[in-house]
J.: 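So that we are looking at the same thing, I have put the structure below in structure tokens.
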Amino acid sequence: MARQVVVLGAGIVGVSVALELVGRGYEVTLMDRKFPGEETSYGNAGVWARSSLVPINNPTLWKNLPKFVSNRTTALRYYLPFLMRNLNWTFRFLMNARQSKVLETAAALDQLISLSMQEHMRLVAAAGEEKRLSEKGWMFLYRNRAGFEASRFARDIFDRFELDTEVLDTDQISDLEPALNRIFTAGTWIKDAKSIDNPGALVAAYAKLFLAKGGQFVQKSAESLFPSGDGWNVATQDGGNVACDDLVVALGPWSPRLLKTIAIDVPMGYERGYHMHFRSADGRHLQRPICDATGGYVLAPMEQGFRLTTGVELDACDAPGKLNQFEQAVSSAKEAFPLSGPVESSPWMGRRPTLPDSRPIIGAAPKRKGLWLAFGHQHIGFCTGPGTARVLADLMTGQSPPIDAKPFCAERYLR
């Protein structure tokens, strides 16, 4: 009889894990309070890129702390009471900004991203979603030379890991993206990046593939966990109970709350972010996503319009939204591209779960047989979900993963 697995969380990570496990003969139930792809995985720039191997807590964070003290930048905002209530996470997050730690994290993330891009390509083809894929890369753009020089650390990392990049001047930027106003003096083109025109729809397509392979989706909210014999039980909000042999927690930013019900404390921060879709004022179009590093936003061509995403806001997972950062990003973006009216009535807000070293936990929970963890992917979950699934499934089946899984082990933070 096949082992029964419940996967909690129907974002890109949970859906990818469920799809991988059902393909290996498990009887899999995927559970979430919303349909697949409707939470955190819905709101991102749709980019798969090895350039995401550089975490935001890197040595440049120390240099920029005086600038961030004002709490007015579009790249990073913070809510001081949240940081003070979570001093353990805040201190460890800053300590991991040392170069030696960042290089360790970059090496681990590069393996996970590279594996994920391979797995994504396989899944895109299996789901028949090739039409959503663009292979034109993406660009980091700078409005002045000082901003470009400040990106030296990231570009050195790109060179160290042999990313396919090209430095651009104003004319070269205009040649690649003629719709942009000529306000950028320099840029870095990440040439081997790929992008998707609707991340939420792609996650939903992967979930449909999961169902076609015999998986089951249950729309319920998990309220608590408790072990039962050799397995696990999930108590749901409606008073029900779901039993299984193996349990995978892939609830992203909501994982810590659920794990507290079995006395597991996770040091988690939350990189919150906002997005909204806009139309073009005069029919101009972008060929690829662009990151205005000076303006602190990403603008990506999507099925719904041009998606404007903000930088990072560090605050509690479910704290009310604050739109000052978003409004500042909109103002900056209109200097670069002719945006007109928004498609939606209000911005979307998402929460990205971030552990102190900016690496996810992938693997077994210590001292709790049959409990598996896959969360903490900060703002690159869409880029790393399928690789996470491959690593976790190999660990669950006693096989050797194709990459080193030790940098992602739960023992870094859990006992």
Side-chain angles (χ1 to χ4, degrees), residues 9 11-14 16 39-61 68 75-79 82-83 86 88-90 92-97 101-117 154 157 193 199 203 249-256 266-275 291 296 298 309-317 325 349-363 373-389 391-392 407-410 412-413:
I12 184 62
V13 176
S16 296
E39 283 279 13
T40 305
S41 295
Y42 171 76
N44 56 74
V47 175
W48 306 332
R50 290 176 61 211
S51 56
S52 297
L53 57 81
V54 183
I56 66 167
N57 56 334
N58 63 67
T60 65
L61 181 61
F68 294 143
L76 177 66
R77 296 287 180 98
Y78 59 90
Y79 185 59
F82 167 73
L83 296 181
N86 294 274
N88 177 41
W89 178 86
T90 303
R92 294 165 85 172
F93 185 76
L94 290 172
M95 289 301 98
N96 275 284
K101 286 291 186 180
V102 171
L103 291 176
E104 181 181 318
T105 291
L109 291 181
D110 188 44
Q111 290 190 58
L112 185 61
I113 292 167
S114 297
L115 175 62
S116 291
M117 290 176 72
I157 296 289
V203 176
V249 177
L251 283 166
W254 296 281
S255 298
V266 181
M268 184 77 81
Y270 305 94
E271 296 183 32
R272 295 166 23 132
Y274 303 82
H275 88 234
C291 173
V298 171
T309 70
T310 65
V312 170
E313 176 189 81
L314 297 175
D315 199 352
C317 181
Q325 183 186 30
M349 184 185 77
R351 303 98 167 152
R352 280 85 179 189
T354 304
L355 293 159
D357 59 6
S358 292
R359 289 178 238 153
I361 287 175
I362 307 171
L373 310 176
F375 58 80
H377 295 73
Q378 30 119 348
H379 63 278
I380 61 171
F382 186 64
C383 187
T384 53
T388 294
V391 171
L392 186 67
F408 308 107
C409 70
R412 291 159 26 234
Y413 300 113

J.: Is there a donor-acceptor pair closer than 3.5 Å between any side-chain N or O of N57 and the backbone N or O of P356?
T.: yes
J.: Shortest non-hydrogen contact from S116 to C383?
T.: CB-O, 3.0 Å
J.: Once rounded to the nearest 0.5 Å, what's the spacing between atom CG of L373 and atom CG of L251?
T.: 10.5 Å
J.: Nearest 0.5 Å, what's the OG-CG distance between S358 and L109?
T.: 7.5 Å
J.: Counting distance only, does the side-chain N/O of T384 pair as donor-acceptor with the main-chain N or O of L112 below 3.5 Å?
T.: no
J.: What pair of heavy atoms forms the shortest contact from G385 to V13, and how long is it?
T.: CA-CG2, 4.0 Å
J.: About how many Å separate CG of L103 and CG of L53, when rounded to the nearest 0.5 Å?
T.: 10.0 Å
J.: Checking side-chain contact (heavy atoms from CB on, under 4.5 Å) between H379 and each of T40, T354, I56, T309, which is the one that passes?
T.: I56
J.: Spell out, as yes or no, whether a donor-acceptor pair under 3.5 Å connects the side chain of Q325 to the backbone of V312.
T.: yes
J.: Looking only at non-hydrogen atoms, find the nearest pair between P199 and G46 and report the distance.
T.: CG-CA, 3.7 Å
J.: Spell out, as yes or no, whether a donor-acceptor pair under 3.5 Å connects the side chain of S41 to the backbone of I12.
T.: yes
J.: Could you tell me whether the side chain of N96 and the main chain of R92 form a donor-acceptor pair under 3.5 Å?
T.: yes
J.: Would D315 and Y270 satisfy side chain to side chain contact (heavy atoms under 4.5 Å, CB included), going step by step from the backbone distance to the final call?
T.: CA-CA 6 Å; D315 199 352; Y270 305 94; over 6 Å; no
J.: Using modelled atom types only, decide if a donor and an acceptor are shared between the side chain of E271 and the backbone of Q378 within a distance under 3.5 Å.
T.: no
J.: Hey, are the side chains of M268 and Y413 touching, using non-hydrogen atoms and a 4.5 Å cut-off?
T.: no
J.: Under the side chain to side chain contact (heavy atoms under 4.5 Å, CB included) criterion, do L83 and W89 qualify, and how do the steps go?
T.: CA-CA 8 Å; L83 296 181; W89 178 86; 4.0 Å; yes
J.: For the backbone of A316 and the side chain of R272, can you confirm whether one donor and one acceptor N or O come within less than 3.5 Å of each other?
T.: yes
J.: Between R351 (side chain only) and C317 (backbone N and O only), is there a donor and an acceptor less than 3.5 Å apart?
T.: yes
J.: So which atom in A374 and which in T388 form the shortest heavy-atom distance, rounded to 0.1 Å?
T.: CB-CG2, 4.0 Å
J.: Tell me, which pairs form a salt bridge (charged side-chain N to carboxylate O under 4.0 Å, His left out) where one or both residues lie in residues 354-363, sequence neighbours left out?
T.: E104-R359, D357-R359, D357-R412
J.: Measure the shortest side-chain to side-chain distance between L115 and V391 over non-hydrogen atoms and say whether it is less than 4.5 angstrom.
T.: yes
J.: Hey, what do you get for NE2 (H377) to CG (L355), rounding to the nearest 0.5 Å?
T.: 9.5 Å
J.: Does any non-hydrogen side-chain atom of M95 lie less than 4.5 Å from one of K101?
T.: no
J.: Around atom OH of Y78, are there more than 12 heavy atoms of other residues, nucleotides or ligands at under 6.0 Å?
T.: yes
J.: With heavy-atom distances below 4.5 Å as the criterion, would you say the side chains of P59 and V102 are in contact?
T.: yes
J.: List the steps, then state whether side chain to side chain contact (heavy atoms under 4.5 Å, CB included) holds for F408 with Q111.
T.: CA-CA 11 Å; F408 308 107; Q111 290 190 58; 6.0 Å; no
J.: Can you tell me how far apart OH (Y42) and NE2 (H275) are? Round to the nearest 0.5 Å.
T.: 4.5 Å
J.: Could you walk me through whether I113 and S52 pass side chain to side chain contact (heavy atoms under 4.5 Å, CB included), step by step?
T.: CA-CA 8 Å; I113 292 167; S52 297; 3.9 Å; yes
J.: Rounded to the nearest 0.5 Å, what's the gap from CH2 on W254 to CD on E39? Could you check?
T.: 3.5 Å
